[in-house]
Enquirer: 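Mind having a look at this structure? Questions to follow.
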Amino acid sequence: MYREWAPDPAIAGRVTCLWTSTATSAGTKLVLPDGSVDLIWGPDGPRVAGPDTGPQPVRMSPGDRYVGIRFRPGAVGEVFGVPVEALRDLRVPLAELGVLPGLTAGTMQEALAVRLRATPAPDPAAPAIAAALGAGKSVAEVAWDLGLGERQLHRRSLRAFGYGPKVLQRVVRFQRALRLARRGTALAEVAAASGYADQAHLANEVRRLAGVPLGRLLGRT
């Protein structure tokens with residue numbers, strides 16, 4: 001069972017939501033790339049889930065419960081004491097990062113609010129970068145609109161999101177397609193609306209980023 005809710009105002013500018021997930025049966029859950037970084041308290045204690053470039057399988061046993069805080073894409077900065085690209089595709093125990101000592105599942109929001117005040121703000125251009133790429137603009141167009149060279153855009157994207165703008169573009173396009181498909185939109189229309197060349201392109205990208213066919217993600221297979 002999964003649910004999410006809005007964060008406290010003290011962290012809302014940098015955090016999308018809080019969430020919990022409780023396993024009712026044994027199985028493997030696929031965590032999909034979404035451009036976010038999460039602070040997660042699970043059966044093994046607190047971990048940081050870095051930005052993913054592919055599916056991350058999580059083995060769950062009945063009763064396993066996870067509590068998480070999901071950062072907005074590009075908003076984590078160096079809250080965890082390392083550049084965000086150092087966390088890419090990793091699940092790192094919080095103790096290894098040396099931040100937020102004494103954290104408990106019940107104090108995550110309060111401890112994070114204190115930590116956010118003590119660290120530099122993230123790149124203010126990050127939301128615009130993500131929004132423009134999500135709207136279907138090319139990397140060159142985004143760089144031009146922001147008055148940046150493509151190399152500058154790549155460096156800033158790497159620092160903000162943990163990967164370059166081309167990977168970010170693939171991730172936000174995939175997430176848009178998944179949202180539309182889950183609403184029941186026809187797949188040919190999903191492909192066109194999300195910026196894919198055609199339905200075959202959509203299918204291939206879903207396999208690369210999710211590791212399974214789109215039908216499985218939608219519960220149709």
Side-chain angles (χ1 to χ4, degrees), residues 2-23 29-61 64-130 153-165 167-168 171-172 175:
Y2 175 87
R3 72 181 185 93
E4 60 183 50
W5 63 98
D8 284 345
I11 61 174
R14 308 266 298 268
V15 168
T16 300
C17 68
L18 277 73
W19 57 269
T20 62
S21 181
T22 304
K29 178 182 179 181
L30 279 181
V31 177
L32 304 177
D34 61 3
S36 299
V37 173
D38 288 59
L39 172 60
I40 302 171
W41 192 290
D44 298 324
R47 293 177 178 266
V48 177
D52 295 325
T53 60
Q56 294 282 347
V58 179
R59 288 287 304 167
M60 300 182 75
S61 299
D64 281 355
R65 184 171 184 266
Y66 295 80
V67 180
I69 295 178
R70 178 164 301 132
F71 283 83
R72 298 182 186 278
V76 68
E78 294 193 11
V79 167
F80 297 112
V82 296
V84 67
E85 61 263 33
L87 301 170
R88 184 172 57 234
D89 293 320
L90 296 177
R91 301 296 184 264
V92 183
L94 191 62
E96 293 184 10
L97 299 173
V99 297
L100 299 173
L103 185 77
T104 69
T107 62
M108 291 171 68
Q109 290 198 83
E110 294 85 351
L112 183 57
V114 172
R115 177 67 180 169
L116 289 174
R117 291 195 294 270
T119 56
D123 188 339
I129 293 171
L153 177 62
H154 185 274
R155 288 194 296 269
R156 291 177 71 164
S157 178
L158 195 65
R159 288 197 300 268
F161 303 99
Y163 34 57
V167 175
L168 176 62
V171 169
V172 296
Q175 283 291 334

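All heavy atoms count here, side chains included; hydrogens, waters and symmetry mates do not. For reference, positions follow the sequence shown, starting with 1.
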Enquirer: Of all the heavy-atom pairs spanning Arg65 and Thr20, show the shortest one and how long it is.
Expert: NH2-CG2, 3.6 Å
Enquirer: Would you check if the side chain of Ser61 reaches a backbone N or O of Asp64 as a donor-acceptor pair within less than 3.5 Å?
Expert: no
Enquirer: What pair of heavy atoms forms the shortest contact from Pro55 to Pro33, and how long is it?
Expert: N-CD, 4.4 Å
Enquirer: Taking all non-hydrogen atoms of both residues, which atom of Tyr163 and which atom of Pro51 are closest, and how far apart?
Expert: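 Where Tyr163 meets Pro51 most closely, the heavy atoms are CE2-CB, 3.9 Å.
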Enquirer: Arg70 versus Asp34: any side-chain heavy-atom pair under 4.5 Å?
Expert: yes
Enquirer: Could you state the interatomic distance from CE (Met108) to CG (Asp8), rounded to the nearest 0.5 Å?
Expert: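 One finds 12.0 Å between CE of Met108 and CG of Asp8.
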Enquirer: For residues Phe161 and Ile129, determine if any side-chain heavy atom of one lies less than 4.5 Å from a side-chain heavy atom of the other.
Expert: yes
Enquirer: Is Val48 close to Phe71 at the side-chain level, that is, under 4.5 Å between some pair of heavy atoms?
Expert: no
Enquirer: Got a list of side-chain donor-acceptor pairs under 3.5 Å for residues 83-93, not counting sequence neighbours?
Expert:
from	atom 1	to	atom 2	distance (Å)
Arg88	NH1	Gly162	O	2.4
Asp89	OD1	Thr53	N	2.7
Asp89	OD1	Thr53	OG1	3.1
Asp89	OD2	Thr53	OG1	2.7
Arg91	NH1	Asp52	OD1	3.0
Arg91	NH2	Asp52	OD1	3.4
Arg91	NH2	Asp52	OD2	2.8

Enquirer: Any heavy-atom pair between the side chains of Arg14 and Val79 that's under 4.5 Å?
Expert: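 Val79 reaches Arg14 side chain to side chain.
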Enquirer: Taking the side chain from Arg47 and the backbone from Ile40, do they hold a donor-acceptor pair closer than 3.5 Å?
Expert: no
Enquirer: Might you point out which heavy atoms bring Pro122 and Gly74 nearest each other, and give the distance in Å?
Expert: CB-O, 3.5 Å
Enquirer: For the CG atom of Leu39 and the CZ atom of Arg115, what is their distance to the nearest 0.5 Å?
Expert: 12.0 Å
Enquirer: Could you work out, with salt bridge (Lys or Arg N to Asp or Glu O under 4.0 Å) as the rule, every residue matching Arg156, not counting sequence neighbours?
Expert: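 So Arg156 forms a salt bridge (Lys or Arg N to Asp or Glu O under 4.0 Å) with Asp123.
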Enquirer: For Gly42 and Tyr66, which heavy atoms make the closest approach, and how far apart are they?
Expert: CA-CD2, 3.6 Å
Enquirer: For residues Ile69 and Trp41, determine if any side-chain heavy atom of one lies less than 4.5 Å from a side-chain heavy atom of the other.
Expert: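 No. Closest side-chain heavy atoms not under 4.5 Å.
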Enquirer: Taking all non-hydrogen atoms of both residues, which atom of Thr16 and which atom of Pro7 are closest, and how far apart?
Expert: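 Closest pair (atom of Thr16, atom of Pro7, distance): O-CD, 3.7 Å.
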